[in-house]
Amino acid sequence: MKIEIPTMNGFIPDCYSKFANADQKIDGKPSRSFPIFITDAPDNAKTLAVYFRDFDSVPVCGFTWIHWLAANLPVQDVPANVSHFKNKSIDFVQGNNSNISKFLGGNSGTVEGYTGPMPPDKTHYYTLTVYALDTKLDLKDGYWLNDFLRKMEGHIVDRATISVPSRAQ
């Protein structure tokens, strides 16, 4: 399986990151999820799951920042802004992102679904992994990363990971 997202001059486009227009932000944070283009998904895949994270956040906040968890997506390209469609035209579930962290003083913005890159100090490299699964995961909106990872155990038929930078300035 191969995955790809759009880039602009090698970076995550502004509309999916800290430079998004105000109408594409929730509580001042980018909320428009990027499209994911999927090729060569295995024939036995029944659903897709997405994990988007920032390891470069560790020196800044002390932990890997979870930007997006999504499960039970259909085995097809993931459209832009699927995370915050007003009326979900695609039936899937989303987990908590790091905005829910108690280290941020409680809920800081949208806590379920996509929250875009906002590197405060320098260019950060974000890691996107898409999993092809042989089942639909028994998860409800608002699940945690540990539940996501455990539910996938024994059901991953393929995975693809890419790293893509987002600029700080």
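Values below: all heavy atoms of this structure, side chains included; hydrogens, waters and symmetry mates excluded.
Side-chain atoms of Ile162 and Tyr126, non-hydrogen and from C-beta on, never get closer than 4.5 Å to each other. Looking only at side-chain heavy atoms (C-beta outward), Tyr51 and Leu145 come within less than 4.5 Å of each other. Side-chain contact between Ser33 and His84: absent, with no pair of heavy atoms (C-beta onward) separated by less than 4.5 Å. Looking only at side-chain heavy atoms (C-beta outward), Val60 and Trp65 stay at 4.5 Å or farther from each other. Within the 4.5 Å cutoff, the side chain of Ile38 has no heavy atoms near those of the Val75 side chain. The closest side-chain heavy-atom distance from Lys18 to Ser166 is not below 4.5 Å. In this structure the side chain of Asp56 never reaches within 4.5 angstrom of the side chain of Val58, judged on heavy atoms. Side-chain atoms of Ile90 and Pro74, non-hydrogen and from C-beta on, do get closer than 4.5 Å to each other.
Annotation for Asn72 and Thr47: closest pair CA-CB, 3.9 Å, computed over non-hydrogen atoms. In plain terms, the two heavy atoms of Asp141 and Phe92 that are nearest each other are OD1-O, 4.2 Å. Residues Pro6 and Pro13 share a closest heavy-atom pair of O-CD, 3.2 Å. Residues Lys136 and Asp91 share a closest heavy-atom pair of NZ-OD2, 4.0 Å. Contact detail for Pro165 and Gly10: the closest heavy-atom pair is CG-O, 3.2 Å.
A distance of 12.5 Å separates NE2 in His67 from OG in Ser83, rounded to the nearest 0.5 Å. Of the inter-residue distances, the one linking Phe52 atom CZ with Ile36 atom CD1 reads 8.5 Å to the nearest 0.5 angstrom. Here Ile12 contributes atom CD1 and Thr7 contributes atom OG1; the two are 9.5 Å apart, rounded to the nearest 0.5 Å. In this structure, Glu112 CD and Ile100 CD1 are separated by 7.5 Å, a value rounded to the nearest 0.5 Å. For the atom pair OG (Ser17) and NE2 (His124), the distance works out to 12.5 Å, reported to the nearest 0.5 Å. For the atom pair Leu128 CG and Ile3 CD1, the distance stands at 4.0 Å (nearest 0.5 Å).
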- Are Thr115 and Asn97 close enough, and set up right, to give a side chain to side chain donor-acceptor pair (under 3.5 Å), and what steps lead you there? CA-CA 7 Å; Thr115 185; Asn97 59 49; 4.9 Å; no
- Applying side chain to side chain contact (heavy atoms under 4.5 Å, CB included), run through Asn96 and Ile66 and close with a yes or a no. CA-CA 8 Å; Asn96 292 317; Ile66 301 166; over 6 Å; no
- Yes or no on side chain to side chain contact (heavy atoms under 4.5 Å, CB included) for Tyr16 and Ile5, after CA distance, side-chain angles and deciding distance? CA-CA 11 Å; Tyr16 309 116; Ile5 67 168; over 6 Å; no
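Ring geometry, Tyr143 versus Phe148: the interplanar angle falls under 30°, so the pair is classed parallel (tilted spans 30 to 60°).
When the side chains of ILVMFWY residues are joined at heavy-atom separations under 4.5 Å, either directly or via intervening members, Phe34 and Val82 end up in a single hydrophobic cluster. Under the 4.5 Å side-chain contact rule for hydrophobic residues, Phe37 and Val50 do not share a cluster. One hydrophobic cluster holds both Leu139 and Leu149 under the rule that ILVMFWY side chains link at heavy-atom gaps under 4.5 Å. Linking ILVMFWY residues whenever their side-chain heavy atoms come closer than 4.5 Å, directly or via other members, leaves Tyr114 and Val93 in distinct clusters. Linking Ile, Leu, Val, Met, Phe, Trp and Tyr whenever their side-chain heavy atoms come within less than 4.5 Å leaves Leu133 and Val130 in two separate clusters.
Within a 6.0 Å sphere centred on CG of Asp40, other residues, nucleotides and ligands contribute more than 12 heavy atoms. Within 6.0 Å of atom NZ in Lys25, more than 12 heavy atoms from other residues, nucleotides or ligands are found, so the atom counts as buried in its surroundings.
For residues 42-53, no residue pair satisfies the salt bridge (Lys or Arg N to Asp or Glu O under 4.0 Å) rule, not counting sequence neighbours.
Cation-pi geometry between Arg167 and Phe19 is satisfied (NZ or CZ under 6.0 Å from the ring centre, within 45° of the ring normal).
Taking the six-membered ring for Trp and the full ring otherwise, the centers of Tyr125 and Phe55 sit at least 6.0 Å from each other.
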Please tabulate, for side-chain N and O atoms in residues 151-158, each donor-acceptor pair with protein atoms closer than 3.5 Å (sequence neighbours left out).
from, atom 1, to, atom 2, distance (Å)
His155, ND1, Asp134, OD1, 2.7
Asp158, OD2, Met1, N, 2.8

